[in-house]
Each structure stands twice: as C-alpha cells, then as structure tokens.
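Reminder, nothing fancy here: chain letters follow the sequence lines and each chain counts from 1. Hydrogens, waters and symmetry mates are skipped; everything else that's a heavy atom, side chains included, is used.
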Amino acid sequence: MSALPRGAPAHEVPLRVEEHPFFERLDPLLTREAARLAWERQFDTGAMIVRDGDPAEWFYLIFQGKVALEIASAEKPHLTIQTVGPGEVLGWSWLVAPHFWRFDARALKPTRVLAIEGAKFRAVLAAHPEKGYQFLMRLLPIIAQRLENTQIQLLDIHGL
Amino acid sequence: MASNALPPQPIPSSHPLAPAPFVVRSQTAETPDTHTLVLSPSDGHAVPPALPGQFNMLYVFGVGEAAISLSGDPSDATAVVHTVRNAGPITAAIAQSPPGQTVGIRGPYGRGWPIDQAKGRDVVLVAGGLGLPPLRPVLYGLLAHRERYGRIEVIYGARTPKDLVYYGQIQQWRLRPDIRFQVTVDAADRSWYGDVGLVTARIPDTRFEPGNSVAFLCGPEIMMKYAARDLEARGIPQSSIWLSMERNMKCAVAVCGHCQFGPAFVCRDGPVFRYDVVRDWLATREL
C-alpha cells in the first residue's frame, strides 16, 4: 500500500465518490473500486497537497475549497497557473508514467478531498479494459480543455 | 506661383467630424498603463445621450485621435467616462491627460448592447482585460433596474491581478447578493487567493437558464471566440450571444474603411454584433 496521503483525516460527514461529478454515470464497478481505495483528507489554507517531483500516488477528487496549481522558476518561485475547485479533479500524473507530480498544489482555502490510491486504481483500470477506456474518455476531455486553456494562455491574449 | 487653392476653413461645429471640447475633470490610474478619465463639456452643456457599448472619438490636439468605448454610467448626463490603456502615442496622450486639460470628443458612435433583449432573461457578461470598460455601462443599466432581469452572471478575466481595472468597484459588486461576479487571472503569485485560469474555464460554473439567457462578450477576439463557443455549448443560442468587436477606427462614420470587418464597418454596424452574424468572419484569417 502507498504511504498515507498528505492532509488530516476528516471528521465531518463522509465524502462519497459517487457524489463527485467526475464519477457521475461512470460504471458502478469503477465507482465501487474508487470508493474502496479512497481516503478522505482535509487541508488548511496554505497547506501543500502535492509537491513537484514527488511520486504521484494519489488521484484527488475535490469536494470543497480551492487549490492552486503552481510551477516554479528562478524568477518566479510560486507562479499559480490554474486553480481548481469543487467538482474538479487534481492532476493525472498518477496515471501517466513515470508517475511524478509536475507541479505544486496548495490549498487556497480549507479544502476537502478524496484521495484514491493511484497504483491500485490503475490496476483496476487495466483489469477491466472497457471500463478503463470509459474512465479515460471521462478524463481526456479535461486534459484536452486544460491543454487548450494553456495554449490560449501562451498567446498572452491580454497583452496583444 | 500663385495658388488658386482656397484658404483653410474651420470645420463647422455641426460637422460630424468636428470634435467638441471637453475638460478632463479627473484622472484615475487603474493599472500602471490604464487610466480612467471623467470629462465634461467645456461649454457646460449636457453630455450627448449614449447607449452602453457605443464609443467616442477622443482627440488630443496636436497628437491624434482614437476610438474609446464609453465606460461610465449611462444615466449620468453631466460627464462621460473613458478608460484608456496606453497602447501607443495617441492613447498614451489621452490616458495621461491631466485634470483641466481640454480634449476633443466626437460621438457617440456605433451600435450598443441590446439591453432590451435582456429583459426577463438571465444575463451573462464575459469580459477579458480591457473588455470590462465597455461592459460596465451595461452593468450599471442592469443594476439600476435589477427587477427587470433574471440572474446576472459576470466573468472577468485579466492577465494578472495587477491588470484588473475597477478593482474597488468589483469588490463592492462581489458583495452584492443579486449578482455573481467571478474574477479570474491568467497567472498570479501567492498574494492572490482568487481564481486562476481563463474566463472560459469559469463558464461551466456559471448559472443561467440556457433557453432564456443573453450573453454579452467583450475582450480579446480569441477569448470571445472560445467563450461564445462554450456558451453555445451550454445551450445559449448564437442569436442570443453578442460580441463587441475592435478594429482600427479612424473616421467613425463609415467613410474611410479602416474598420471594415467582412462586409460590415465596425464603426457603423458595430462595434456590437450578434454572434451568428460574425461567427464565420471570426474564423477567417487576417480579416
């Protein structure tokens, strides 16, 4: 088993995988397996959820709060390039080899998530290719949208 | 050699190209390169009535003239308000006009936002960068008659937090329970606790009744193109989406052709266009 995810255990009403929009109308087996592998965590404002370069062992579903995705350079040590919030997912590095985070993620406000064990959930996807394909087709539009957003950001449209 | 040319004649004040003198009453820095000017007619007359979305030609004598959208409260007959970004010698001279300076103004010109079509419907305003000033008069108008409209959703994006205009006023709007004002920036440092991402990334989180909504978009053309696409995907018909186009306007009276956009002149037929009218033109390169 992976080390436990960062963050404090939750003490409030438990979060449920099937109530997250990402899993809406996905195959019940995927939802059931994700729930089996999920750990609920909460983060205070400013807490780091993932760090650039760390092993990407968890798939995060955000239920409450707001998370900043940051990249670093010598000139800009903490440049926020995107924020994600309730109903969204945090990253896909857990799915793509070599499974290391490519950015920092920091809570901008008190944040509650479900952290799903990435390696075990990958094994579930591999064991059920049709359902795995369904899962990827749910994730792919999110990746495509973020890629398109990045391309537009690169145009620096407000500076034209 | 003797010339038969007539001596230069002053343009009569009634001529459509003759600017009227206005005095700068105040100048406020919104960002390091963007200023808001409040101007009043120097003869004490009332300000010509204008519709949200229309523009004036502002003339700094001896420097040049530029088209600038009206950005003040349309119900205020005592002054015109323009927010100007320093994007070149002429706009720099306008933006940096100090209080007391006389500036020539002619206008208003163009077709504004069809606010009448918003009555009884949800309204979505999407502004990018300096696209907020042309939409601010719409917001003034909507809020002045709040009961006439459904939900009011505003999405405003800028490059960084330092590039946000009307910052104090936005904070007040965000406190109002009867509108939802989302702000996002393309990038930020850790002093910013708001949203980061494109305005289009906020559209999925925007609440409106698709079949009974209108959307007004203003900002960089590529932003409007993607925002219109995403609003249409959320169910707002193309005929209920309106965009304010920007082109290099010179005469403002559809004579010179500088602002031609497809078969239209932005100064006369726009700057506000319905999305289904301009959709194909937006996809035409170098148009």
S.K.: Check this for me, if you would: do E148(A) and R229(B) make a salt bridge, where the nitrogen-to-carboxylate-oxygen distance has to be below 4.0 angstrom?
M.R.: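 The answer is yes: the pair qualifies as a salt bridge.
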S.K.: Hey, could you give me the OG1/OH distance between T80(A) and Y193(B), rounded to the nearest 0.5 Å?
M.R.: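 Result: 9.5 Å between the selected atoms.
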S.K.: Check L79(A) against A187(B) and note the closest heavy-atom contact, atom names and distance.
M.R.: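 Smallest interatomic distance, heavy atoms only, reads CD1-CB, 3.9 Å.
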S.K.: With side chains defined as the heavy atoms from C-beta onward, is the minimum distance between D195(B) and K66(A) less than 4.5 Å?
M.R.: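 Counting from C-beta outward, D195(B) and K66(A) do come under 4.5 Å.
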S.K.: What is the minimum heavy-atom distance between L198(B) and Q153(A), and which atoms define it?
M.R.: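 Smallest heavy-atom distance, with atoms named: CD2-CG, 3.6 Å.
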S.K.: If I measure from the heavy atoms of chain B, does I81(A) come under 4.5 Å with its side chain, its backbone, both, or neither?
M.R.: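 The backbone, not the side chain.
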S.K.: At a heavy-atom separation under 4.5 Å, does T45(A) approach chain B through its side chain, its backbone, both, or neither?
M.R.: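 Contact with chain B involves the side chain of T45(A) alone.
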S.K.: Before giving the answer on side chain to side chain contact (heavy atoms under 4.5 Å, CB included), spell out for T200(B) and N149(A) the whole-Å C-alpha distance, their side-chain angles and the decisive distance to 0.1 Å.
M.R.: CA-CA 8 Å; T200(B) 48; N149(A) 289 352; 3.8 Å; yes
S.K.: Tell me which of these, G219(B), G194(B), A87(B), G131(B), has more heavy-atom pairs under 4.5 Å with chain A than the rest.
M.R.: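 When all of G219(B), G194(B), A87(B), G131(B) are compared, G194(B) has the most.
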S.K.: In terms of heavy-atom contacts, does CZ of R51(A) have more than 12 from other residues, nucleotides or ligands at under 6.0 Å?
M.R.: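 At most 12 heavy atoms, drawn from other residues, nucleotides or ligands, come within 6.0 Å of this atom.
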S.K.: Hey, is CD on E30(B) packed in by over 12 heavy atoms from elsewhere, all under 6.0 Å?
M.R.: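 Above 12, so yes.
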S.K.: How about CZ on R190(B), more than 12 heavy atoms from neighbouring residues, nucleotides or ligands closer than 6.0 Å, or not?
M.R.: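 Atom CZ in R190(B) is packed in, count exceeds 12.
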S.K.: May I ask you to name which of R106(A), Q145(A), Q82(A), K109(A) has the most heavy-atom pairs under 4.5 Å with chain B?
M.R.: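 Highest number of pairs under 4.5 Å: R106(A).
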S.K.: Are there more than 12 heavy atoms of other residues, nucleotides or ligands under 6.0 Å from atom CG of N248(B)?
M.R.: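 Counting neighbours around CG of N248(B), more than 12 heavy atoms of other residues, nucleotides or ligands fall under 6.0 Å, so yes.
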S.K.: Does some side-chain heavy atom of I152(A) sit less than 4.5 Å from a side-chain heavy atom of M223(B)?
M.R.: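 The answer is no, as the side chains (C-beta and beyond) never meet within the 4.5 Å cut-off.
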